[in-house]
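Just below is one structure, and these are the notes that go with it.
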Amino acid sequence: MLQEEDNLIQNYSFTKSERLCSRKSIESLLREQNSHYHHPIKCYYLWEQKQKSSDQNQIAIAVPKKNFKKAVIRNRIKRRIREAYRLNKRQFLLDNLSKSDKKVNLLFYYTSKKEHDFALIEEALIAVLKDLTATQ
RNA sequence: AACGACGGUCGUUCUGUCGCUGCCCGAAUGGGGAGAGGAAAGUCCGGACAAUAUAGAGCACCAUACUUCUUAACAGGAAGGGACUAUUUUUAGUCACAGCCAGUGCCGCAGAAAAUAACCGCUCCAUGUAUGGAGUAAGGGUGAAAAUGUGAGGUAAGAGCUCACAACGUAAGUAGUGAUACUAUACGUGGGUAAACCUUAUGGAUUGAAAGACCAAAUAUACCGGGGUUUGAGGGCUGCUCGUCCAACCCGGAGGGUAGGUCGAUAGAGCUUUAGGGUGACUUAAAGCCUAGAUAAAUGACAGAAGAUUACAGAAUCCGGCUUAUAGAUCGUCGUUUUUU
RNA sequence: GGCUCUGUAGUUCAAUGGAUAGAACAAAAGUUUCCUAAACUUUAGAUUCGGGUUCGAUUCCCGGCGGAGCUA
């Protein structure tokens, strides 16, 4: 029981190791051009073999400066996407991957030119994650 | 009282669940505490800091331009002087506010003429009686600007030609730290334009934290310059030896590769309060406080409460200013409308 | 983050501080044609915005807004 609760708490967290920071891996991710799209989020993905048992899925978020000139709005959208991923990753992603030895790198790209609510973003992100697990 | 304009100040708060970035405590699960702004923005000025360069002087280039003060410094700020505008007799606002009495350039159209002025006119003289010569700048539909204005004397006609008053400039004297002001002083007066070139005075080396320093990992010493011990494998000059050149080795330059970490980097020209100095900007002393520090980059999501879908807007080396944006609340000034006295 | 340049008709470019900002293509209308194209005739169109200097700004100066480039 205790172990299960610990896992539950951990799965709602979002630490530094879950961020995709390396420039090289982002470039390789974009070079592959695998993507799912559900308005307003486009998701690039790349499957990799786990090299250590502690390797985790890593994500990056991009909101283009071309569509949103003001830094406040860009930050707000990035925070909403990250929050939506944090709340839903366990339910839609981790449960399906828990026994496989693969991990996935993701890049969420916000394509709309308008600022949307959290509810709409969350809905789109869930749809994208469902597509992802279905193809795997 | 309501509405509008302008200016100053503040710039949502609290609770719960999940979560993010540093710090402290702990062996650990964990616990404690901190976490965007008045403009963080624009990158417009001025510095700190770092690297590189630098005998000294001049020219060129760029910036600034009333005075005194303030400051680490400034094109900022304070106080004062001057000009202009509005209102009015005292206030408010604005001002790139040195110099066309150094030189050069420019001033379309109109107008006789736009800068050593002369078309008409006025006056005198001559004769061929409607022309020529001389003088003159009072008057003339222009224009943004027409040779400083008015009056008197003077003259053939006129004219700063002379005089009086006024306007402007330079010098001198007096007052003031100074800009400047005043003067029964002296001399002078041929437009405007320096946000035209320019002159004068003062200041300025260049590049910006993706600067720069260190560590780890990784690859190949390709190429250039200098030096040369042992060994002498090999190659060129030769049939051979000697000699010499290349090469192996070392040093410097340059290139390739890797793209990760630490420092820089957050205690500072710091903030608050009190007292003193100063008209003020500001400054001095004492006491107290520690107040983001990330590196693809941290403040969010949901629910509830306080009238309530909430402005402009997100730190990226750090400070001092300036400029621009701003819902709502509140304070002050002005204007309009309504009500009461 | 830092530095530099730039803004003119729908588009591409002109214009020394001086009539009403010019040219080409495009657009619209007309002529011609059985219809279209070509040709010809005409029309409407712009100085990024706000201040300042000047008698007068597209031009000179200041500030805002937008666009582009360089720098790893």
Side-chain angles (χ1 to χ4, degrees):
Chain A
M1 281 297 284
L2 278 172
Q3 279 187 349
E4 277 183 21
E5 279 180 4
D6 286 351
N7 280 333
L8 196 146
I9 289 165
Q10 272 187 356
N11 289 336
Y12 280 118
S13 70
F14 185 79
T15 56
K16 189 69 186 296
S17 60
E18 289 184 67
R19 275 167 203 277
L20 187 59
C21 300
S22 165
R23 174 186 285 265
K24 223 177 177 182
S25 49
I26 291 173
E27 279 175 2
S28 65
L29 173 62
L30 287 173
R31 207 179 299 119
E32 290 294 320
Q33 294 276 332
N34 299 322
S35 65
H36 291 294
Y37 177 68
H38 196 279
H39 180 80
I41 291 172
K42 192 173 191 181
C43 174
Y44 294 92
Y45 65 93
L46 185 68
W47 295 98
E48 283 182 355
Q49 290 288 334
K50 278 189 184 178
Q51 296 181 344
K52 299 174 192 168
S53 60
S54 63
D55 278 355
Q56 286 174 303
N57 300 323
Q58 291 184 311
I59 68 158
I61 301 162
V63 180
K65 204 174 190 175
K66 213 172 187 179
N67 295 347
F68 301 98
K69 297 227 158 185
K70 290 173 183 172
V72 174
I73 299 173
R74 269 183 273 130
N75 281 345
R76 202 182 297 148
I77 292 167
K78 278 155 81 175
R79 283 168 187 156
R80 280 176 182 163
I81 294 174
R82 198 177 61 224
E83 191 69 15
Y85 174 77
R86 184 178 72 78
L87 292 173
N88 295 295
K89 65 175 179 177
R90 174 173 172 271
Q91 193 178 352
F92 295 98
L93 197 62
L94 295 183
D95 285 0
N96 294 322
L97 296 177
S98 55
K99 291 183 181 175
S100 78
D101 57 348
K102 283 184 175 180
K103 72 175 190 115
V104 67
N105 289 340
L106 299 171
L107 188 140
F108 298 107
Y109 188 86
Y110 191 84
T111 54
S112 172
K113 289 190 179 180
K114 289 180 186 174
E115 190 186 346
H116 290 294
D117 292 342
F118 178 75
L120 200 143
I121 291 172
E122 190 176 26
E123 203 176 297
L125 194 122
I126 289 169
V128 163
L129 289 181
K130 276 181 180 170
D131 285 355
L132 191 68
T133 48
T135 55
Q136 194 257 330

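When reading the values below, keep in mind they use all heavy atoms of this one structure, side chains included, and skip hydrogens, waters and symmetry mates. None of these values were measured; they are calculated from a predicted model.
- A salt bridge links A:Arg86 with A:Glu83; the closest basic N to acidic carboxylate O contact falls under 4.0 Å.
- When all heavy atoms are compared, the tightest approach of A:Leu106 to A:Leu132 is CD2-CD2, 3.7 Å.
- Take A:Glu122 and apply the salt bridge (Lys or Arg N to Asp or Glu O under 4.0 Å) test, not counting sequence neighbours, and it matches no residue.
- Residues A:Ile77 and A:Leu120 fall into different hydrophobic clusters, defined by Ile, Leu, Val, Met, Phe, Trp and Tyr side chains chained together at heavy-atom separations under 4.5 Å.
- Evaluation of the side-chain contact (heavy atoms from CB on, under 4.5 Å) rule for A:Ala127 yields A:His38 as partners, not counting sequence neighbours.
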Between the protein and nucleotides 311-315 of chain B, which nitrogen or oxygen pairs come in under 3.5 angstrom?
unit_1, atom_1, unit_2, atom_2, d
B:A313, OP1, A:Lys70, NZ, 3.1
B:A313, OP2, A:Lys70, NZ, 2.9
B:G314, OP2, A:Ala71, N, 3.3
B:G314, O6, A:Arg79, NH1, 3.1

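- Remark: the separation of the P atoms in B:A305 and B:G38 is 32 Å, to the nearest Å.
- In this pair, A:Tyr45 and A:His36 present their aromatic rings parallel. The plane angle is below 30°, not in the 30 to 60° band.
- A residue-by-residue look at A:Ile61 and A:Arg80 shows that A:Ile61 has its nearest nucleotide of RNA chain B further toward the 5' end.
- Taking A:Arg76 as the reference, A:Glu115 meet the side chain to side chain donor-acceptor pair (under 3.5 Å) condition, with sequence neighbours excluded.
- Rounded to whole Å, the C1' atom of C:C25 lies 30 Å from the corresponding atom of C:C65.
- Pairing for B:G37 goes to B:C312, judged as Watson-Crick or G-U wobble with the two contacts each under 3.5 Å.
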Dot-bracket for RNA chain C, 5' to 3', counting Watson-Crick or G-U wobble pairs under 3.5 Å, with [ ] for crossing pairs and | for inter-strand pairs? (((((((..((((....[...)))).(((((.......)))))....(((((..]....)))))))))))).
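- Mapping A:Ala119 and A:Lys78 onto RNA chain B by nearest heavy atom places A:Lys78 at the nucleotide closer to the 5' end.
- Comparing B:C120 with B:G141, their C1' atoms sit 13 Å apart, to the nearest whole Å.
- Remark: B:C124 base-pairs with B:G133; criterion is Watson-Crick or G-U wobble with both hydrogen-bond distances under 3.5 Å.
- Only the C1' atoms considered, B:G264 is 36 Å distant from B:C223, to the nearest whole Å.
- If you check distances only, the side chain of A:Arg86 never reaches the base of B:C20 with a donor-acceptor pair under 3.5 Å.
- At a threshold of 4.0 angstrom between heavy atoms, the contacts of A:Arg74 with the nucleic acid are absent.
- For the C1' atom pair drawn from B:G203 and B:A181, the interatomic distance equals 32 Å after rounding to whole Å.
- Only the P atoms considered, B:G191 is 7 Å distant from B:C101, to the nearest whole Å.
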